[in-house]
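To start, the structure itself, in structure tokens.
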Amino acid sequence: MTDVYVIGAGIIPFARHEALSLTDLSVEAAFLAIKDSGLAPHRIDSGYFASVLGGRLFGDSTLGQSVFAEVGISGGPIVNIENACASGSSAVCLAYNALAAGQSDYAIVLGAEKMCVPGLGLLNSGESDIETKLGLVTPASFALRAQRHMYEFGTTLEQMAQVSVKNRRHAAANPIAFFRQPVTLEEVLTAPMITDPLTRPQCCPMADGAAALVLASGPAISHNKRAIKINAAVLTSGSYQNPIDLVRWETDQRSCRLAYEKAGMGPDDLDLVECHDAFTIAEIIHYEALGLCEVGEGGRLVAEGATSLGGRIPVNVSGGLIGRGHPVAATGVAQIVEVVTQLRGEAKERQVEGTKVGLAHCMGADRQGDARSCTVAILSS
Amino acid sequence: MPARLKENTVSEAGATDLLPPVQEGIFSLPAAGETGSPRLLGGYCRACERYHFPRERHCHRCLGPVEGADLGNTGIVYSFTAVRAKPPLGLPQPYGVGFVDLAANGLRVFALLDPDCVDDFKIGSSVVLAVKPLGHDGKGRPCLRPYFTLQQYPTESEA
Ligand SMILES: [Zn+2]
């Protein structure tokens, strides 16, 4: 195994980019990441491109080859990836594995989505899926966890709403975030209900966006002072146990444990976390899976401020999905862009002090009360 | 106000004869002219002694043969929610969904919940299966969907 580093990071604002195509968004993010790496593009010998909706909404296919060719990357292996919300971070895992195995010297990873189009509606896990046919939409799968978390642990509506307040406050300091206006607890609690008990600001907004990384294998980067080491990058899938426990999330816990084992680290080593807060309750359950607190204590952890910028273990200082927005396949890459930016000490007013180790956690799609994909990456400066 | 007791059988007889199920093989209806309750259908692996819903093509554990199984028609609500945003598939607004622990075999299945009483479900509620025309399929054609309703409707004053 060779050490693997991130040497370039690029991200474009997450917003409604009505005038730009999926290719426009992608090429810009790739350009920024390559420029940031300082590499000549022809030295990048492999590429990983993630998009979930490009095929369905625009009829695109194998877009990665097209996008990368526009920034001077061609000839080597290029793969197009769909793994729902974890598409971008799954792409990172594949690139990491190839570099760690010595199969590549430099790789580009890009996640991009254009989804602010009329009539898209609530996302689901595939139209031929039995649960989709029986009315499951993504917000409901998390509302069911929220109801159960409240019932078993006494988690309150206010505690869940605090996740939105925190992440919107963080997003206000992130120039690429979808939402730049903070919200109050009152505003979160009184907003329109999407699916009980999740109000609109507790559900991440759709956005258009793209994010990219350039990865390098160890021998190639000895001179690069802004290189950030990837200590672990794991990709798992659900185990679909029946009966499934919606609040002690086995797949979530197993994935975090695996990443800690591979990195030789634990929750006490972390200085910041970016996690998959698609809905407020998700962030609370991820705290518990990550071992930031005991199972059942996640609501209290956010309410006491431990996960705010300046707290014991800041979570989603980028604004998370709730504040930064969720262009589906871009999210998993954007999380790592944020961790890299923080570990380089370049995050300006949202900088976490003295960061040495950061973690990025992402999840995708539902099946039988479980997630279909989960990724956890640990990085260090 | 008196308690409203819900018929557990198909509520809109007639329509059920004409409409297709949202997916073949996931529920049964009483034969024409007979009374009775709809039943949830799934699969059973004899080697593993495990039920599943919906029926698997092969047992996912041993890859052995799977036989059809009656999964019963009652259960207990494990979790529930009311979807109040614009509904998919022509479902009512709001509509309910949840996980139900089946009384017959302990399987925890995802299910639609009766849209006529979305605010009355609780964790632990006893529920019974019903079938009626609910929404449309992916191609916009009306269809039958199975859903769980409360075994005992609350009185107006309780609700
Ligand atoms: Zn079997």
Side-chain angles (χ1 to χ4, degrees), chain A residues 56 118-153 155 191-200 202-203 205-206 238-247 279 281 285 366-370, chain B residues 21-27 42 50-56 60-61 76-92 94-102 105-113 115 118-119 121-124 134-139 143 145-148:
Chain A
R56 175 173 144 203
L120 184 59
L122 299 174
L123 293 183
N124 59 48
S125 284
E127 284 161 22
S128 57
D129 186 80
I130 177 72
E131 291 170 354
T132 301
K133 291 179 184 176
L134 294 178
L136 185 62
V137 287
T138 306
S141 82
F142 282 89
L144 294 171
R145 294 182 197 283
Q147 298 280 30
R148 196 71 205 177
H149 211 276
M150 293 164 72
Y151 175 82
E152 292 200 37
F153 306 123
T155 303
M193 190 65 75
I194 300 297
T195 170
D196 303 358
L198 302 174
T199 57
R200 184 177 313 242
Q202 300 192 57
C203 306
M206 296 184 189
S239 53
Y240 321 116
Q241 297 172 352
N242 198 312
I244 189 92
D245 188 324
L246 290 184
V247 292
F279 306 92
I281 184 62
I285 291 176
D366 303 303
R367 185 177 188 271
Q368 298 175 6
D370 207 345
Chain B
V22 66
Q23 180 164 312
E24 288 293 340
I26 61 170
F27 62 83
R50 287 167 67 91
Y51 291 91
H52 33 84
F53 175 82
R55 181 176 173 168
E56 297 181 342
H60 77 269
R61 263 189 156 189
I76 302 286
V77 172
Y78 169 76
S79 193
F80 67 96
T81 185
V83 180
R84 300 186 191 276
K86 187 168 177 288
L89 299 167
L91 291 166
Y95 71 97
V97 293
F99 279 95
V100 172
D101 291 344
L102 299 180
N105 47 50
L107 267 189
R108 182 165 293 160
V109 298
F110 177 80
L112 271 168
L113 300 178
V118 290
D119 293 319
F121 289 97
K122 292 184 172 59
I123 289 174
L134 259 183
H136 54 67
D137 65 14
K139 292 184 174 136
C143 61
R145 280 187 166 85
Y147 62 98
F148 282 94

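Sequence lines set the chain letters: A, B, ... in the order given, protein chains first and strands last, and positions in each chain run from 1.
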**Q.** Separation of A:His149 NE2 from B:Ser79 OG (nearest 0.5 Å)
**A.** 12.0 Å
**Q.** Under 3.5 Å: donor-acceptor pair, side chain of A:Tyr151, backbone of B:Ile123
**A.** no
Q.
Using heavy-atom distances under 4.5 Å, tell me whether A:Asp366 contacts chain B through its side chain, its backbone, both, or neither.
A. neither
Q: Quick one: pull up CD in A:Gln147 and NZ in B:Lys122 and give me the separation to the nearest 0.5 Å.
A: 11.5 Å
Q.
Within this structure, what is the CZ-CG distance for the pair B:Arg84 and A:Asp196, rounded to the nearest 0.5 Å?
A. 4.0 Å
**Q.** Structural part of B:Phe110 lying under 4.5 Å from a heavy atom of chain A
**A.** both
Q.
I'd like to verify something: which residue of A:Ala140, A:Ser128, A:Pro243 has the highest number of heavy-atom pairs under 4.5 Å with chain B?
A. A:Pro243
Q: Nearest 0.5 Å please: distance from the CZ atom of B:Arg55 over to the CD1 atom of A:Ile130.
A: 14.5 Å
Q.
With side-chain contact (heavy atoms from CB on, under 4.5 Å) as the test, pick out the partner of B:Tyr78 among A:Leu246, A:Ile244, A:Leu144.
A. A:Leu246
Q: Measure distances from B:Leu134 to the heavy atoms of chain A and classify the residue's part below 4.5 Å as side chain, backbone, both or neither.
A: neither
Q) Rounded to the nearest 0.5 Å, what separation is found between the CG atom of A:Leu198 and the OG1 atom of B:Thr81? A) 7.0 Å
Q.
What part of B:Leu112 gets within 4.5 angstrom of chain A, counting heavy atoms only: side chain, backbone, both, or neither?
A. both
**Q.** Side-chain heavy atoms of B:Val97 within contact of A:Leu134, under 4.5 Å
**A.** no
Q) What distance separates B:Asp137 CG from A:Glu127 CD, expressed to the nearest 0.5 Å? A) 11.0 Å
Q) Given a strict heavy-atom distance threshold of 4.5 Å, which part of B:Leu107 is in contact with chain A: side chain, backbone, both, or neither? A) both
